[in-house]
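Okay, so here's the structure we're looking at.
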Amino acid sequence: MALFAQSRLLDWFYPPFCNLCRIPLRRGQNLCSSCLANLPPLPSHACLTCGNSFDGILKAPQSCPNCLKLKPAFQFATAALQANDDTIDLIHKFKLIGQPELGIDLAQIGANFFRTDERLSKLEKPLLIPVPLHKSRLRKRGFNQAEILAQELSRQLEVDSLKALKRVRSTPRQATLTRGQRLKNVKGSFLLTTKPSKLINRNLILIDDVFTTGATAHECARILRKSKPAQIAVFTILRA
Ligand SMILES: [Zn+2]
Ligand SMILES: [Zn+2]
């Protein structure tokens, strides 16, 4: 709520421009309708478990070789958008340049996707859980992008959200690591900070900005799974 009010207040001082094409916008907007319409959804031929796109056409829905081998601790991961120059630019502006108000637009894109996605929309009484940041990174960035997204999604979809995890170990940047290295890198980085009774039999949805290899999501889900939830899904704005 505070973020929402703050961004509306800023609009009075700095009339908004589209974050992608720079055309002037009405107050309260960060993206124009034509840029919004051109953001790419995930391809329909993607891994059932991690959302990774397959080359060519599949005869039937299936999981990719990575997921068959690694068996992620979550049931499925999906994303509202596919990575391209525009969507990466938006995420970059949102979290690295520090435009938290863009989180409202990204969450709106996410909420629209959520309502129409067959698997997400069917989860009964879902509980959104943001992927936590380590306190040292939180201090540097000033906000946790996953928390903003979870709060906004919770507001727009009228579902519960809970900060159930804590990041106890700061992990080096993962961008250049392989999937196996990332899995090792994040192991033991998260702790449960809520009573397991709050998670038991619930449909949990881990929320983050970007899904890359799924190592972070797998490790978070591994910790959450100990509380015996009904299901664990992963929902991100972007699938890298
Ligand atoms: Zn635009
Ligand atoms: Zn997969």
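Because only heavy atoms are used, hydrogens play no part in the values below, and waters and symmetry mates are left out as well, while side chains stay in.
- When only modelled atom types and interatomic distance are considered, Arg141 and Asn144 share no side-chain donor-acceptor pair under 3.5 Å.
- Checked for salt-bridge contact, Arg202 and Asp160 meet the test: a charged N lies under 4.0 Å from a carboxylate O.
- Rounded to the nearest 0.5 angstrom, Cys64 SG and Leu48 CG are separated by 10.0 Å.
- Legend: residues meeting side chain to side chain contact (heavy atoms under 4.5 Å, CB included) with Ser136, ordered by chain and number and at least two apart, are His134, Ser170.
- Between the side chain of Gln156 and the backbone N or O of Leu153 there is no donor-acceptor pair closer than 3.5 Å.
- Val131 and Leu191 are assigned to two separate hydrophobic clusters, defined by single-linkage of ILVMFWY side chains at heavy-atom distances under 4.5 Å.
- Put simply, CD on Glu118 and OG1 on Thr78 are 11.5 Å apart, with the number rounded to the nearest 0.5 Å.
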*asked:* Applying side-chain hydrogen bond (donor to acceptor under 3.5 Å, both in side chains) to Ser154 and Gln151, what does each step give before you reach the verdict?
replied: CA-CA 5 Å; Ser154 153; Gln151 271 167 16; over 6 Å; no
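- Cluster annotation: Leu128 is not connected to Leu162 through the hydrophobic network of ILVMFWY side chains, with a link wherever side-chain heavy atoms come within less than 4.5 Å.
- Hydrophobic cluster membership is shared by Leu39 and Phe94, with clusters built from Ile, Leu, Val, Met, Phe, Trp and Tyr side chains linked at under 4.5 angstrom.
- Between the side chain of Thr236 and the backbone N or O of Leu238 there is at least one donor-acceptor pair closer than 3.5 Å.
- With rounding to the nearest 0.5 Å, the separation of CZ in Arg119 from CD1 in Ile205 is 11.5 Å.
- Remark: of the listed residues Glu101, Gln108, Lys93, Glu101 is the sole one forming a side-chain contact (heavy atoms from CB on, under 4.5 Å) with Asn30.
- Taking hydrophobic clusters as Ile, Leu, Val, Met, Phe, Trp and Tyr residues chained together by side-chain heavy-atom distances below 4.5 Å, Leu149 shares a cluster with Leu31.
- Criterion: ILVMFWY side-chain heavy atoms under 4.5 Å apart, direct or through other members. Under it, Ile129 and Leu133 are not part of a common hydrophobic cluster.
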*Would you check, one step at a time, whether the test side-chain hydrogen bond (donor to acceptor under 3.5 Å, both in side chains) holds for Gln99 with Asn19?*
CA-CA 10 Å; Gln99 283 179 255; Asn19 265 275; 3.1 Å; yes
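- Using a 30° and 60° split on the angle between ring planes, Phe113 and Phe235 fall in the parallel class, below 30°.
- Here Lys163 pairs with Glu147 in a salt bridge; the nearest charged N to carboxylate O distance falls below 4.0 Å.
- The minimum heavy-atom distance between Leu157 and Phe114, with the atom names listed, is CD1-CG, 3.6 Å.
- Rounded to the nearest 0.5 angstrom, Asp89 CG and Asn84 CG are separated by 9.5 Å.
- If you run side-chain contact (heavy atoms from CB on, under 4.5 Å) between Lys187 and each of Arg182, Glu219, His218, only Glu219 comes through.
- Under a 3.5 Å cut-off, the side chain of Arg239 and the backbone N or O of Cys50 do form a donor-acceptor pair.
- Arg179 places a side-chain N or O within 3.5 Å of a backbone atom of Thr213 that can act as its donor or acceptor partner.
- To the nearest 0.5 Å, atoms CZ (Arg137) and CZ (Arg139) are separated by 13.0 Å.
- Environment of NZ in Lys166: sparse, with no more than 12 heavy atoms of neighbouring residues, nucleotides or ligands closer than 6.0 Å.
- Here Leu81 contributes atom CG and Thr87 contributes atom OG1; the two are 6.0 Å apart, rounded to the nearest 0.5 Å.
- Residue pairs satisfying the salt bridge (charged side-chain N to carboxylate O under 4.0 Å, His left out) criterion with at least one member in residues 60-88, sequence neighbours excluded, are absent.
- Looking only at distances, no side-chain donor or acceptor of Gln145 sits under 3.5 Å from a matching main-chain atom of Lys95.
- The backbone N or O of Ala73 sits nowhere less than 3.5 Å from a side-chain atom of Arg222 that would complete a donor-acceptor pair.
- Judged purely by atom type and a 3.5 angstrom limit, Thr49 has no side-chain atom pairing as donor or acceptor with the backbone of Phe76.
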